[in-house]
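Working notes, structure below.
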Amino acid sequence: MLNKKVAEIFQNISSMLALKGENHFRVRAYEHAAGIIEDLTEDVKDIAQRGALTEIEGIGKDLAEKINDIITGDTTALYEDLKKEIPSGLLELLRVPGLGPKTVKLIYDRTKIDSVEKLEKAAKTRQLAELPGIREKTIENIIHGIGIYQRGQEAVLNPVAHRIAGQFVDSLKNLKEVGQISVAGSLRREKGAVRDIDILIAGNPMQKIIDEFVKLPIVKETRERGPAKSSVIARENNIQVDLRIVEKQSFGAALLYFTGSKEFNIKLRESAIAHGYKLNEYGVFDGKEKCLAGKTEEEVFALLGMDYIPPELREDRGEIDAAISHNLPRLVELSDIKGDLHVHSTYSDGLSTIEEDAAQAQALGYRYIAVCDHSQSLHIAKGLSRNEIHKKSEEIRALNKKYNNFRILCGTEVDINNDGSLDYPDETLKEFDLVVAAVHSGLRQSKKQLTKRIVSACKNKYAHIIAHPTGKLAGQRDAYDIDLNEVFKAAADYNTALEINSYPQRLDLNDTNAMAAKKRGVKIAIDTDSHQFRQMEAMGLGVNVGRRAWLTKNDVINCMGLEELMKWLEK
DNA sequence: GCCGTTTTCGGCCCGACTGTTTTCAGTCG
């Protein structure tokens with residue numbers, strides 16, 4: 001897929017134009033386009049072949065031409081020219097927190113410093129103090145920023161960030177100065193991984209709250225401390241926590257602003273302008289600076305003629321238009337989930353017995369569970385032989401006799417072999433209630449081979465679900481390169497569901513891919529892939545991915561009742 | 001560089017905090 005490359009080139013062009021001091025809107029156009037292209041599920045090459053590049057929002061005639069240059073010639077003239085002019089090390093310098101294009105350019109023009117290494121030396125020897133506008137405090141900030149850059153702040157997984165955020169909220173909510181308090185930012189939008197934690201408070205006096213905030217024992221250091229806003233580093237995970245305080249009549253407007261996303265905010269503020277209003281974090285104001293709304297998010301949306309947009313949708317992916325035309329989807333909720341269709345047991349590499357899994361499923365209010373152990377070839381995970389399948393099936397049959405209004409489905413997570421066949425013959429597969437198929441080996445195959453394997457698994461009449469379709473494992477490996485559009489087509493044509501795997505490191509399909517799958521008519525299964533019964537509690541993470549993908553309960557097969565599901569499984 | 005229910009030209013979200021300089025530029029979200 002060329003998208004990553006195009007996005008990277010556009011991002012670099014944007015940075016280099018900024019370093020040159022070019023028009024800031026031109027800089028933004030490249031940056032914006034980079035973000036859009038990075039999010040596309042369809043290969044820009046295919047879009048270009050259809051001649052549809054300029055239909056992408058943010059891509060005009062000029063950028064479309066540059067994309068075509070990159071498709072045919074791997075680069076574009078502007079990029080090559082800029083590279084001759086601007087040392088690549090300056091792009092690295094821009095990634096140091098606190099350093100922007102102006103400062104990097106100033107430093108480079110005066111000292112020829114073009115790497116983080118050289119900058120660190122110049123800062124520590126106080127050579128930088130000779131530059132205009134740079135004094136001791138700025139030098140200290142640069143040294144500190146380099147430290148953060150070198151440690152490389154990893155994104156923190158959603159559940160970990162929620163737990164840390166919860167500690168901050170719990171520590172602050174009972175202060176008498178605090179009225180309302182809410183988590184905001186990407187964590188409220190339920191992104192799978194976040195780079196900081198945002199917390200909003202309505203309260204008074206603000207200074208008192210800031211004072212309490214920065215001296216919490218869970219705070220490692222204070223980065224910023226103003227009258228209404230402060231930024232600290234938490235001890236745990238070294239994650240940055242931003243606190244913003246407003247008066248209570250502004251809480252809704254501030255929550256909107258602080259929840260983002262940035263692109264969503266820009267669109268919403270533009271929409272306010274179109275109505276003749278101004279929207280900021282204090283409220284919606286008319287031409288005479290009179291506040292018309294701001295206490296709640298709901299009243300701001302209503303004033304702008306929109307339905308309430310759930311935080312998970314606020315990514316500038318068409319939600320504002322949908323909110324105006326009353327076409328927002330009714331998003332799937334955790335309470336819509338009727339069962340977990342992918343959990344393991346002690347029969348293969350799970351740590352819980354089938355009975356324990358079933359007990360947990362009932363405790364979660366489910367109607368069914370599918371216990372899907374690994375297949376024969378996956379020796380490392382104790383894949384099941386024919387005899388073991390028989391034994392497992394007998395145990396499930398016996399257990400099911402005990403239950404009222406609950407059912408264990410006998411399933412398997414069968415390996416997709418290198419040639420695209422499945423790891424059990426058809427006569428074995430058809431004995432299972434449910435078959436989940438997955439790639440666990442040959443991950444380094446070519447895009448063409450991997451795509452072909454998954455497509456043939458979709459076509460197998462006994463396969464119901466493709467598990468973790470892209471193989472992404474946060475911190476360990478990227479998604480493997482497959483042609484998702486071919487997979488979506490096969491999944492839709494052969495009525496095979498694709499999984500949103502709720503395991504925190506996976507979350508695979510991700511939101512944009514699941515959204516594209518839905519558009520192609522593909523059904524989704526949201527599963528936990530639990531290897532220990534407690535892990536089944538992670539279902540909410542997968543549901544959040546589904547919500548970010550605009551899924552309703554009708555898109556998700558495990559929102560079906562048992563009878564309906566059994567019928568669907570007949571294919 | 002993009003875009004159009006005021007527009008094919010002239011706009012492009014808006015404000016807090018910091019550091020350095022005495023009123024503001026740079027960075028960030």
Side-chain angles (χ1 to χ4, degrees), chain A residues 10 13-14 17-19 21-34 36 53-67 76 78 93-107 128-129 131-142 144-145 148 184-187 189 194-200 206 210 222-232 240-246 250 253-254 256-285 305 316 320-321 324:
Chain A
F10 280 5
I13 289 177
S14 171
L17 291 174
L19 284 167
E22 276 272 351
N23 178 301
H24 144 255
F25 296 105
R26 189 177 173 215
V27 171
R28 210 182 90 185
Y30 280 96
E31 188 182 26
H32 180 240
I36 297 279
L53 284 174
T54 54
E55 285 168 29
I56 302 170
E57 195 227 291
I59 308 293
K61 193 161 160 269
D62 186 275
L63 289 184
E65 266 176 38
K66 293 197 167 71
I67 294 173
T76 183
L78 172 66
L93 286 176
L94 278 181
R95 286 199 277 272
V96 175
L99 277 190
K102 303 282 185 196
T103 314
V104 168
K105 182 169 193 311
L106 170 80
I107 293 173
L128 293 179
L131 301 178
I134 295 187
R135 294 289 167 266
E136 185 55 27
K137 194 70 189 164
T138 304
I139 291 175
E140 276 174 31
N141 284 345
I142 288 174
H144 194 261
I148 293 175
S186 52
L187 193 54
R189 302 201 308 279
V194 304
R195 298 201 173 270
D196 64 5
I197 292 171
D198 298 301
I199 296 172
L200 177 72
M206 296 182 187
I210 298 274
T222 304
R223 301 275 293 137
E224 245 181 49
R225 181 178 182 174
K229 191 178 157 188
S230 174
S231 190
V232 301
Q240 179 167 323
V241 183
D242 296 331
L243 175 70
R244 180 68 198 267
I245 310 177
V246 293
S250 297
L256 266 174
Y257 148 73
F258 216 27
T259 298
S261 64
K262 184 179 169 194
E263 294 294 332
F264 171 83
N265 283 349
I266 291 173
K267 281 283 159 62
L268 201 67
R269 288 175 179 198
E270 282 171 355
S271 167
I273 292 171
H275 280 85
Y277 304 142
K278 180 178 73 172
L279 170 64
N280 57 27
E281 64 261 51
Y282 301 109
V284 185
F285 298 87
D316 188 24
I320 289 181
D321 287 341
I324 292 169

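Letters go in sequence order (proteins before strands), and every chain restarts at 1. Any value given below was found using the heavy atoms of this structure, including those in side chains, with hydrogens, waters and symmetry copies removed.
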In B/S/- notation (B base, S sugar-phosphate only, - none; protein heavy atoms under 4.0 Å), nucleotides 20-29 of chain B written 5' to 3' is SS----SSSB
Within the side chain of S261(A), is there an N or O that forms a donor-acceptor pair under 3.5 Å with the backbone of F264(A)? yes
Heavy atoms from C-beta onward define the side chain here; which of dG1(B), dC13(B), dC14(B) lies closest to that of K66(A)? dG1(B)
Assuming nearest nucleotide by heavy-atom distance, tell me which of R28(A) and S230(A) is located more 5' along DNA chain B. R28(A)
Take atom CD of E270(A) and atom P of dT5(B), then tell me their distance rounded to the nearest Å. 12 Å
Can you find a side chain N or O atom of Y282(A) that sits less than 4.0 Å from OP1 or OP2 on dA16(B)? yes
Without swapping roles, check the side chain of R135(A) against the backbone of A129(A) for a donor-acceptor pair under 3.5 Å. yes
Nearest-angstrom distance, P atom, dT20(B) to dC28(B): 16 Å
Between CD1 of I107(A) and CG of L131(A), what distance do you get to the nearest 0.5 Å? 6.5 Å
Select base, sugar-phosphate, or nothing to describe what K105(A) touches, counting heavy atoms under 4.0 Å on all strands. nothing
Walking DNA chain B from its 5' end, the first of A274(A) and A228(A) to be reached, judged by nearest nucleotide, is A274(A)
dG19(B) phosphate, OP1 or OP2: any side-chain N/O from N141(A) under 4.0 angstrom? yes
Can you check whether F258(A) reaches V246(A) side chain to side chain, under 4.5 Å on heavy atoms? no
Any base atoms under 4.0 Å from L268(A), or only sugar-phosphate, or nothing? Heavy atoms, all strands. nothing
Mind checking the C1' distance from dT7(B) to dC2(B)? Whole angstroms is fine. 13 Å
Apply side chain to side chain contact (heavy atoms under 4.5 Å, CB included) to the pair N265(A) and Y257(A), showing each step before the final yes or no. CA-CA 6 Å; N265(A) 283 349; Y257(A) 148 73; 4.2 Å; yes
When the C1' atoms of dT6(B) and dC12(B) are considered, how many whole Å apart are they? 15 Å
With rounding to the closest Å, how many angstrom separate the C1' atoms on dC13(B) and dG29(B)? 12 Å
With a 4.0 Å cut-off on heavy atoms, is K267(A) in touch with a base, just the backbone sugar-phosphate, or nothing at all? nothing
C1'-based separation of dT22(B) from dT18(B) [nearest Å]: 16 Å
Residue-phosphate contact under 4.0 Å: N265(A) side-chain N/O, dC13(B) OP1/OP2: no
Which atom pairs, donor and acceptor, lie under 3.5 Å between side-chain atoms of residues 53-61 of chain A and protein residues at least two apart or in another chain?
from	atom 1	to	atom 2	distance (Å)
E57(A)	OE1	K267(A)	NZ	3.3
E57(A)	OE2	K267(A)	NZ	3.4

Any strand, both distances under 3.5 Å, Watson-Crick or G-U wobble: dT8(B) pairs with none
